[in-house]
Amino acid sequence: MILVTGGAGFIGSHTCAALSEQGLPYVVLDNFCNSKPSVLERLARITGQRLTLIEGDVRDGALVSRVLREHGITAVIHFAGLKAVGESVADPLKYYDTNVAGTVTLLSAMRAAGVRTMVFSSSATVYGDPVGSPIREDAALQPTNPYGHSKLMAEQLMADLDRSEPGQWRLARLRYFNPVGAHASGLIGEDPQDVPNNLMPYVAQVAAGTRKELSVFGGDYATADGTGVRDYIHVSDLAEGHVAALRYLQDHAGLLTVNLGTGEPVSVLQMVKAFERASGVPVPYRIVDRRPGDVAAYWADPDTAARLLGWKTSRNVDQMCADVWRWQNGEARRL
Ligand code: NAD
Ligand code: UFG
């Protein structure tokens, strides 16, 4: 049985769908600080299964210990965390508490229960302002904000744990690039609680008429069209990467560190055009000043994941946009 912390969230819910597709049993632990319980009903419609949910906090060691024991957990996928860069600058303690202390609590409970397999949500943010792209896993790690520091600290503690008990742990650090998209069913997707910070949900809300226009942050970067360039990965491809990592850990003890990205650079304006094609609706935009702290361009070298996990992405930008549009115009409107 797999424990999915943060399984009601954006990436967690899609990973639950991918686990069900592979017939892998799991339970979800979530405190709903950034998601809603209704996600699990929609997930049940996708999977045709009743899901087991434990409402609670990953920082609650007694609860986590009980869940590990009572559900016979053998592996954990750890999504529960906070992810807003700006908020992490304003309230760093909150980020270190959830993302670092939460991971310490979870790993301590796991060790006590003899559960030694964990797949962890890290981020390309650990590379900070990269020297060049595509980025390989051995690139310098130099995060630029408390959120990034908290992810790097969690990565570091996994490495130290592996070193302290060689061969005892099976730990994967998955560095996601920019997750976007929604489930092909249109039933689950990204559901920002406030004004979206990220490009894709903002574009979707402009296309849907909820927001007037997109502010494109910077038109004078040293990129082909002057706008920022990223590696957008469909959340269902990302979800399947977690299943591949779990399978890898079944056969390999130790520490795995891989980028999960497509390796394809895409600019803001390319994404806007792709969304217009997918939706058939214009996405008005205006080029404004650069967003402080933004990097001009970065994308993944996805070769390690392909080589070790036998995993690569299969959904392109057009599919990412089509799936977001289906979600935005359907279930998302009813929430
Ligand atoms: P999300 O906010 O949609 O999902 C996180 C889930 O964890 C939510 O359901 C939330 O309620 C839950 N949660 C948060 N704190 C908790 C706690 N203390 N106890 C129990 N549950 C808690 O975010 P997401 O986009 O699905 O991200 C999942 C993970 O991936 C996070 O750790 C995030 O930092 C990481 N990540 C996300 C991105 C991205 O752009 N979405 C990129 C890189 C890494
Ligand atoms: N952008 C706009 N307008 C918007 C929003 C974004 O032009 O309204 C641009 C940004 O300037 C950037 C690109 O769209 O060029 C992507 O921006 P996102 O905010 O979607 O993603 P980021 O790459 O800036 O940030 C993401 C995650 C962070 C993580 C970071 C590094 O959201 O949590 O990747 O991995 F820290």
Side-chain angles (χ1 to χ4, degrees), residues 4-15 28-37 39-40 54-60 63-64 77-86 88 94-95 97-99 101-103 105-106 120-130 135 143-145 147-148 150-151 154 174-180 189-193 195-203 205-206 211 213-219 221 223 227-233 235 238-239 260-261 266-269 271-272 285-298 300:
V4 184
T5 76
F10 174 45
I11 305 168
S13 59
H14 288 80
T15 301
V28 167
L29 172 71
D30 204 299
N31 68 356
F32 298 115
C33 70
N34 199 37
S35 56
K36 299 187 190 109
V39 173
L40 297 157
I54 300 106
E55 182 167 356
D57 200 299
V58 77
R59 292 165 296 178
D60 180 345
L63 170 71
V64 174
I77 311 182
H78 180 34
F79 294 105
L82 303 176
K83 61 171 182 175
V85 173
S88 81
K94 185 173 170 185
Y95 275 68
D97 187 31
T98 297
N99 294 357
T103 305
T105 301
L106 174 62
F120 173 69
S121 300
S122 188
S123 167
T125 196
V126 297
Y127 298 117
D129 195 347
I135 306 177
T144 56
N145 54 64
Y147 167 66
S150 74
K151 286 291 170 188
L174 306 184
R175 295 179 180 155
Y176 313 156
F177 279 67
N178 287 50
V180 298
E190 197 169 5
D191 177 24
Q193 310 290 301
V195 181
N197 288 315
N198 297 117
L199 179 65
M200 186 63 126
Y202 205 102
V203 166
Q205 293 189 6
V206 171
R211 306 204 180 272
E213 65 179 10
L214 171 74
S215 297
V216 174
F217 298 138
Y221 284 113
T223 59
T227 66
V229 163
R230 297 288 184 272
D231 181 336
Y232 297 95
I233 174 171
V235 64
L238 186 59
L260 295 183
V266 173
S267 75
V268 174
L269 291 184
M271 189 55 101
V272 167
Y285 68 84
R286 193 157 45 97
I287 297 191
V288 301
D289 286 349
R290 295 178 179 190
R291 183 169 63 179
D294 265 3
V295 171
Y298 63 86

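As the structure lists them, so they are numbered: ligands from 1, and atoms in each ligand from 1.
- The shortest N/O to N/O separation between Y298 and ligand 2 falls below 3.5 Å.
- At under 3.5 Å, not a single nitrogen or oxygen of A8, backbone or side chain, sits near a nitrogen or oxygen of ligand 1.
- Considering backbone and side-chain N/O of K151, one or more are found under 3.5 Å from N/O of ligand 1.
- Between Y95 and Y147, the two ring planes are perpendicular [angle over 60°; tilted spans 30° to 60°].
- Residue contacts with ligand 2 leave out Y285, since none of its heavy atoms falls under 4.0 Å from the ligand.
- The distance from the CD1 atom of I233 to the CZ atom of F177 is 9.5 Å, given to the nearest 0.5 Å.
- Residue F32 touches ligand 1 through its backbone alone, judged by heavy-atom distances below 4.0 Å.
- Neither the backbone nor the side chain of A84 comes within contact range of ligand 2; no heavy atom lies under 4.0 Å.
- Distances below 4.0 Å separate heavy atoms of F79 from the following atoms of ligand 1: 28 (C), 29 (C), 31 (C), 32 (O).
- Neither the backbone nor the side chain of N145 has a heavy atom within less than 4.0 Å of ligand 2.
- Of the options G12, S122, P179, G102, the smallest heavy-atom separation from atom 38 (C) of ligand 1 is shown by P179.
- Distances from ligand 1 to the non-hydrogen atoms of E190 include no value under 4.0 Å.
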